[in-house]
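See below for the structure under consideration.
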Amino acid sequence: MSVAVPLEKLTASQKKAVLHKEGPLLVLAGPGSGKTRVITCRIAALIESGVRPYHICAITFTNKAAEEMRSRGEASGCRGVWISTFHSLCVRLLRQYAEQAGIKPSFTIYDSGDQLRCMKEAVAACQVDSGSFSPSRMLEFVSRLKNNLEDADSFKAATFDHFGKTAAKVYASYQQILARNNALDFDDLLVKTALLLRNNAQVRTELSNRFQYLLIDEYQDTNHAQYQIARLLAQTHGNICVTGDPDQSIYRWRGADIGNILAFEKDWPKSVVVKLEENFRSCGKILACADKLIGSNTRRKVKQLIATRPEGSDVEFLVADDENAEARLLTDRIQKQIAAGVDPGQIAAFYRVNSMSRPIEEAFIRARIPYQVVRGVEFYARKEIQDFLSYLKLIANPVDDLAFMRAIATHSRGIGKTSVDRLTQFAKDSGMSLLAAADYADHLTSVSSSTRTRIREFAKMIQKFQQDSSGEVAPQMDCVFAETGYADALKNEANTDAIENINELINAAAEYDREAENPSLLDYLQSIALYSDTDAYDAGTSRTSLMTMHAAKGLEFDHVYIAGLEEGLLPHERSVHSPDDLEEERRLFFVGITRARDSLTVTYARHRVLRGQFIRSTPSQFLYEVGFGGEKVSFEEDSYGIEEQEPMINPSSSTPKAGMFKVGEVVIHNTFGTGRVKEFLDLGPDSIVVVQFQSGKTKSLMVKYANLTRAGK
DNA sequence: CATAGCCGCCTTTTT
DNA sequence: GGCGGCTATG
């Protein structure tokens, strides 16, 4: 079957990347360079040249991106190509080769909450000082070791200080707990797969024969384990194509190693390098802003950003008094745009931390702007969802003690904390899982006989569910919800929200049943564990999107707003002490900026309620770097005094010069029309003027960008 | 055994 | 400001 590859629509360098067939290929692609298109075209071209889809494996950064690529690919006849994230690929391989990997295929994937619970247990079991060895700190430490494929034993052998020895002990204990529960954490998915490929030549050969062509997107954000998986898969044939942009690496904090992409040519000596430097997305001025910003990063390969679109309008910088005023500023603008015929779905607002969505949402609701908050995991994090899922997890993986504990405590069933504690002790002494121990509860003499019966009944109920746990998921969920008594318990509480949420979950599972090739409870649970925020983004709806800049990776919008350009927020306070972290924050802002096609507006609030505290903020250093706000001198000149003050009004502008405005003067702005100057903040070339326009709206504008003209001139 | 209320803890980004 | 864990009480 022939696949049409629209080569005539591609640039010379894109064509080169698409058509390069054998051997390693590095595509260094700037933002908006049509990288995704290159990948889909390349897959099509491979198939056209006779490669079977079955032999192609494309790895994307998010499930959403995989889904999109699948649907685009299907249009051009790429059915049969394996397209997924690294994590999904690992789940699939670990299930297929569970025995060789030394695990059971029914494993549960532990999320960060589960991980913390296990780590708490590990720290407690090791009887170490929980002050300097706090579970969260240990988790972070262990995760870093895992990312580097270092196991507890080898780390123990290589370390000599007290901290290292203790951490090694905790690490080993943590792994033991996971193994006991037949559970893998996010890191384990990668680690186990990498080790499987490394240690088992048979599996490695089989898989490199299966995946003869490997394509990896967003390669700048791969960690060491992912790097090893890619290398081991492609080692024999060398048909590895990676694409990425070192300037868009924003996951260093979770182990991503920018060195992977920088060293690609060294790793694969015969590699061909294609640079995609043209930007087809953003207008010239937006791109210039991005270029200026990223130019402040020192640890980078300098790359050109070539605009192909017209200059467009200026990047706007708006100042608000607090986060609510900032939100109003956004809604005012967006409302106007929508009124002028802009599709709300082509507008997005980004921020650094999820908690910043709230004031914006409130303002959007008041202004009746249709919106979506791109935060998928929020739903799955709800108490009732987690409670309900714990039953399903226990059914799919009977040795999951965490799921048992959660499930048995979802509602009062006459089994209280003391009884569960006794059962835990009993299970521990006899080396059984909690469910097995519960089934054996007749021998649990430490609790009353009526409690014993209730515990045994609980076990019997779970076992009954296990017997018919194959096939479609939604019917099983209905059954579990009703028969466990959880539905009744929620009804008695009149918790209609919770019931609705669970019904929504079951509806989503029905959707899964329809779409999955081979639906099963296990597969369903493993796939929702890998669900991410970005997956919640619905491109098809006419709603303005709110999301973190991390979630915005890979997306684009006509009109972009970025809020909270303040020191401590962007860059985040946890990043300002390390130059590397600071550069990552800059890249994050860079990613945000380069999502915009036609217009970009950045905002800054002078005050903000953060963690319940009202604080004064200073403008982000990044604003100065892109040319807003002038020299840092203006920090001192600012009126952050004892009392809250209005910006200084310059009283001495009797002879108005260009760039100077008097309070009361009438001015004209290209988009806002005529207005009267309310305030003038003299910051030299970066002066800010506050104008009340005839529409009634008051705007803070940078004089040099606002392009104001005096009335009557 | 269950519940309510209080205290103290953390609080960036996410697969 | 929000959640989890602890305690006191019914």
Side-chain angles (χ1 to χ4, degrees), chain A residues 59-66 84-91 109-113 115-117 120 130-131 134-137 140 143 146-147 184-191 193 218 221-223 225-226 249-256 350-358 374-378 380-383 386 408-409 411-422 447-448 450-451 454 489 493 526-536 547-553 564 568-576 581 584-585 587-589 591-592 609-614:
Chain A
I59 294 173
T60 57
F61 195 71
T62 62
N63 295 312
K64 196 86 204 173
S84 80
T85 62
F86 260 111
H87 284 84
S88 298
L89 175 70
C90 291
V91 168
I109 301 168
Y110 273 181
D111 65 20
S112 40
Q115 286 181 52
L116 199 62
R117 256 160 262 155
K120 266 184 197 156
S130 61
S134 76
S136 58
R137 201 175 154 201
E140 207 177 304
S143 176
K146 285 190 184 183
N147 278 334
L184 303 181
D185 65 17
F186 289 121
D187 297 321
D188 284 338
L189 295 174
L190 303 173
V191 171
T193 307
E218 309 281 11
D221 278 320
T222 50
N223 64 25
Q226 290 167 325
S249 162
I250 53 175
Y251 285 98
R252 204 182 78 94
W253 53 273
R254 71 169 200 214
F350 305 149
Y351 36 76
R352 179 62 176 83
V353 296
N354 278 302
S355 62
M356 287 174 67
S357 75
R358 213 158 126 177
V374 181
R375 192 129 204 256
V377 296
E378 206 175 34
Y380 290 93
R382 297 185 113 97
K383 186 182 171 296
Q386 291 265 318
I408 204 163
H411 60 278
S412 332
R413 49 162 57 86
I415 307 167
K417 201 185 165 298
T418 2
S419 302
V420 174
D421 281 349
R422 300 255 161 82
V447 301
S448 69
S450 58
T451 312
R454 282 192 283 257
E493 281 175 46
Q526 289 176 346
S527 63
I528 61 166
L530 299 179
Y531 194 76
S532 72
D533 278 353
T534 338
D535 299 329
M547 68 187 96
T548 63
M549 272 171 276
H550 282 93
K553 181 189 175 105
L569 209 47
L570 185 66
H572 195 273
E573 59 185 344
R574 306 261 288 228
S575 306
V576 292
D581 289 347
E584 177 145 310
E585 294 288 305
R587 291 193 293 268
L588 186 60
F589 188 28
V591 167
V609 176
L610 227 54
R611 292 170 220 139
Q613 291 221 310
F614 188 78

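All values reported here derive from a predicted model rather than from experimental measurement. We name chains A, B, ... by the order of the sequence lines, and we start the count at 1 in each one.
- Using modelled atom types, one side-chain atom of A:Asp535 and one backbone atom of A:Lys64 make a donor-acceptor pair closer than 3.5 Å.
- Comparing atom distances between the A:Ser419 side chain and each of B:dC1, B:dT15, B:dT11 picks out B:dC1 as nearest.
- Using cut-offs of 30° and 60° for the angle between ring planes, the A:Phe61 and A:Tyr251 rings count as tilted.
- One atom, CG of A:Asp581, and another, P of B:dT13, lie 15 Å apart when rounded to the nearest Å.
- Side-chain proximity of A:Asn354 to the nucleotides B:dT13, B:dT12, B:dC1 is greatest for B:dT13.
- Atoms CG (A:Leu116) and C1' (B:dT14) sit 16 Å apart, rounded to a whole Å.
- Residue A:Ile415 is classed as a sugar-phosphate contact, given heavy-atom separations below 4.0 Å to backbone atoms only.
- Per the geometry, CZ belonging to A:Arg413 stands 14 Å off P belonging to B:dC1, to the nearest Å.
- For A:Thr534, the side-chain atoms get nearest to B:dT15 when compared with the rest of B:dC1, B:dT15, B:dT13.
- Summarising the geometry, the separation between NE2 on A:His550 and P on B:dT13 is reported as 9 Å, rounded to the nearest angstrom.
- Stacking of A:Trp253 onto the six-membered ring of B:dT12 is not present when judged by under 5.5 angstrom between centres and under 30° between planes.
- Atom NZ in A:Lys417 sits roughly 16 Å away from atom P in C:dG4 (whole-Å rounding).
- The closest side-chain heavy-atom distance from A:Val377 to A:Asp111 is not below 4.5 Å.
- Checking B:dT15, B:dA2, B:dT14 against the side-chain heavy atoms of A:His87 singles out B:dT15 as nearest.
- For A:Thr548, a side-chain nitrogen or oxygen approaches OP1 or OP2 of B:dT14 to under 4.0 Å.
- Note: CD (A:Glu378) to C1' (C:dC3) measures 15 Å, nearest angstrom.
- In this structure, A:Tyr251 reaches the sugar-phosphate backbone alone: every heavy-atom distance under 4.0 Å involves primed, P, OP1 or OP2 atoms, never a base.
- The residue A:Ser112 sits apart from the nucleic acid: no heavy atom pair falls under 4.0 Å.
- Toward the 5′ end of DNA chain B lies the nearest nucleotide of A:Val420, the other residue of the pair A:Val420 and A:Leu588 mapping further downstream.
- The distance from atom NZ of A:Lys553 to atom C1' of B:dT13 is 12 Å, rounded to the nearest whole Å.
- A donor and an acceptor atom never sit less than 3.5 Å apart when one is taken from the side chain of A:Arg254 and the other from the base of B:dT15.
- A side-chain contact (heavy atoms from CB on, under 4.5 Å) with A:Asp581 is found for one member of A:Arg574, A:His572, A:Arg252 and no other, namely A:Arg252.
- Two residues, A:Lys120 and A:Arg358, neighbour DNA chain C, and the one matched to the more 5' nucleotide by heavy-atom proximity is A:Arg358.
- Between the side chain of A:Arg454 and the main chain of A:Gly414, a donor-acceptor pair closer than 3.5 Å is present.
- Judged by centroid separation below 5.5 Å and plane tilt below 30°, A:His572 stacks onto the base of B:dT12.
- For A:Gln386 and C:dC3, the CD to C1' distance is 14 Å, given to the nearest whole Å.
- Taking side-chain N and O atoms only, A:Ser532 has a distance below 4.0 Å to OP1 or OP2 of B:dT15.
- A:Lys146 pairs with exactly one of A:Asp185, A:Asp187, A:Asn223 by the side chain to side chain donor-acceptor pair (under 3.5 Å) rule, that one being A:Asp185.
- For A:Thr418, the side-chain atoms get nearest to B:dC1 when compared with the rest of B:dT3, B:dC1, B:dT13.
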